[in-house]
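These notes are about the structure you will find just below.
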Number of protein chains: 2
Amino acid sequence: MEASPPATPNGKQQHLLEQLRRAAHELSGQDLHAQLRNTPQAMGLATVYRHLRQLQQRGLVRCRHLPSGEALFAPTERDEHHLTCVDCGRTVPLPACPMHGDDLSPQQLDGFQLLFHTLEFFGLCPLCQQRQQG
Amino acid sequence: MEASPPATPNGKQQHLLEQLRRAAHELSGQDLHAQLRNTPQAMGLATVYRHLRQLQQRGLVRCRHLPSGEALFAPTERDEHHLTCVDCGRTVPLPACPMHGDDLSPQQLDGFQLLFHTLEFFGLCPLCQQRQQG
DNA sequence: GATAGAGTGAGTATCATTCTCAGTCAAGGG
DNA sequence: CCCTTGACTGAGAATGATACTCACTCTATC
Ligand SMILES: [Mn+2]
Ligand SMILES: [Mn+2]
Ligand SMILES: [Zn+2]
Ligand SMILES: [Zn+2]
């Protein structure tokens, strides 16, 4: 079934991570699976989700959930957050992380080894504000 | 099917919101549905989720997604965030919101009317750190 | 070349959430 | 009083993302 031999252990997981890093924006599990179709790094959907979970556990990947329910994944070194409309679902990226490096105090950390955070803002976009007025 | 007449329009939605406010912690849609079972305010699961969505759109309720996939809902006036273990899933509440009221600048807001935010931290809990060492 | 272990994917299962649609009710007009 | 309209509801079915199963292939080791 495989034409080329696996180069190195964890090769597929490495490829998945690089795919995410190369992408211009966040991708869903389904996106990743679809993008790798018909490439030498194609992998099953189960494998995509397996690796995404492991990468999250290693602190290399983070995900956020859209109001629609789909999860979008991004590499954690890309410290990006969003403003999302609770009505139409439109989301726009923030120019910078509003926490500007403020980390938790040791007391707040409670022994945890911090890996990453998610920070998302929600509101009404200009169009949906209008629609609710009129 | 109804014994008592609906007192006022939106009565059920009001009850759902009060249920959430009265609760000691966040609740899932299923939790809410189960808790209202066998009370005068019982409502179908579809109605629970309908109202949760509407309350979110009005900025009264916020939700976060556990790694397990279930969504937990809380009233937005309860400005609480968490530290969650990416390995075992244990989550502990933070004593205070680390953004201490820092809001977005008008430029960042981009015309949005801000309703609420979600902020969650992820890492390895002390036990899972040990387990990975040993 | 026998064995053990890691990695994989097609198919299936799970399960939270959403959709469908017909029933109930309140209000308003005639 | 009917009758229409629109808001609200819930049982059950549909959806869809994610997890699980299990048999198979490689690799490494002896
Ligand atoms: Mn950040
Ligand atoms: Mn906060
Ligand atoms: Zn909008
Ligand atoms: Zn843990």
Side-chain angles (χ1 to χ4, degrees), chain A residues 1-17 19-20 26-58 61-74 86-89, chain B residues 1-17 19-20 26-58 61-74 86-89:
Chain A
M1 192 180 296
E2 287 292 325
S4 50
T8 151
N10 283 338
K12 295 242 170 121
Q13 182 166 311
Q14 208 37 242
H15 275 298
L16 193 67
L17 181 55
Q19 179 83 359
L20 259 188
E26 314 147 289
L27 296 173
S28 70
Q30 310 275 354
D31 289 341
L32 283 162
H33 176 245
Q35 286 198 8
L36 292 173
R37 259 195 187 308
N38 309 320
T39 79
Q41 291 80 38
M43 65 186 80
L45 195 51
T47 304
V48 169
Y49 283 111
R50 249 193 305 254
H51 286 158
L52 283 173
R53 196 180 339 125
Q54 290 170 2
L55 288 168
Q56 258 179 290
Q57 292 181 342
R58 292 166 52 198
V61 158
R62 144 185 44 209
C63 82
R64 70 172 175 127
H65 287 82
L66 295 184
S68 74
E70 75 178 329
L72 297 181
F73 297 83
V86 293
D87 199 343
C88 68
Chain B
M1 194 177 295
E2 286 293 325
S4 50
T8 149
N10 282 340
K12 295 239 171 123
Q13 182 167 311
Q14 211 34 244
H15 274 299
L16 193 67
L17 181 54
Q19 178 84 359
L20 258 188
E26 313 150 290
L27 296 173
S28 69
Q30 310 275 352
D31 289 340
L32 282 162
H33 177 244
Q35 286 198 9
L36 293 173
R37 262 194 185 306
N38 309 320
T39 79
Q41 291 80 37
M43 66 186 80
L45 197 51
T47 303
V48 170
Y49 283 111
R50 250 192 304 255
H51 286 158
L52 284 173
R53 195 179 341 124
Q54 289 169 3
L55 289 168
Q56 257 179 291
Q57 293 183 343
R58 291 166 53 198
V61 158
R62 145 184 45 209
C63 81
R64 70 174 175 128
H65 288 82
L66 293 184
S68 75
E70 75 177 330
L72 297 181
F73 296 83
V86 293
D87 199 343
C88 68

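The chains referred to below are lettered A, B, ... by the order of the sequence lines, with proteins before strands, and numbering in each begins at 1.
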Separation of [N] [atom2] from [X] [atom1] (nearest whole Å):
| X | N | atom1 | atom2 | value |
| --- | --- | --- | --- | --- |
| His15(A) | dG7(C) | NE2 | C1' | 14 Å |
| Gln41(B) | dG10(D) | CD | C1' | 17 Å |
| Leu16(B) | dC8(D) | CG | P | 15 Å |
| Leu36(A) | dT8(C) | CG | P | 12 Å |
| Gln54(B) | dT18(C) | CD | P | 12 Å |
| His33(B) | dT17(C) | NE2 | P | 13 Å |
| Phe73(B) | dA16(C) | CZ | P | 12 Å |
| Gln13(A) | dT8(C) | CD | P | 8 Å |

When you measure from the side-chain N and O atoms of [X] to the phosphate of [N], is any distance below 4.0 Å, counting only OP1 and OP2?
| X | N | answer |
| --- | --- | --- |
| His51(B) | dT9(D) | yes |
| Gln30(A) | dA17(D) | yes |
| Tyr49(A) | dT18(D) | yes |
| Thr47(A) | dG9(C) | yes |

Query raised in the report: Do Leu36(B) and Leu16(B) have side chains that get closer than 4.5 Å, going by heavy atoms?
Result: yes
Requested in this report: State which of dT18(D), dA16(C), dG9(C) makes the closest approach to the side chain of Ala46(A).
Outcome: dG9(C)
Report summary line: The reported gap from CZ in Arg58(A) to CD in Gln13(A) (rounded to nearest 0.5 angstrom) is 5.0 Å
Query raised in the report: Relative to the 5' end of DNA chain D, which residue comes earlier, Arg50(A) or Leu45(B), by the nucleotide with the nearest heavy atom?
Result: Leu45(B)
Report summary line: Walking DNA chain D from its 5' end, the first of Pro67(B) and Met43(B) to be reached, judged by nearest nucleotide, is Met43(B)
Query - Single hit among Asp31(B), Leu55(B), Leu52(B) for side-chain contact (heavy atoms from CB on, under 4.5 Å) with Leu20(B) - result: Leu52(B)
Query - Among Thr47(B), Leu27(B), Leu45(B), the one residue meeting side-chain contact (heavy atoms from CB on, under 4.5 Å) with His33(B) - result: Leu45(B)
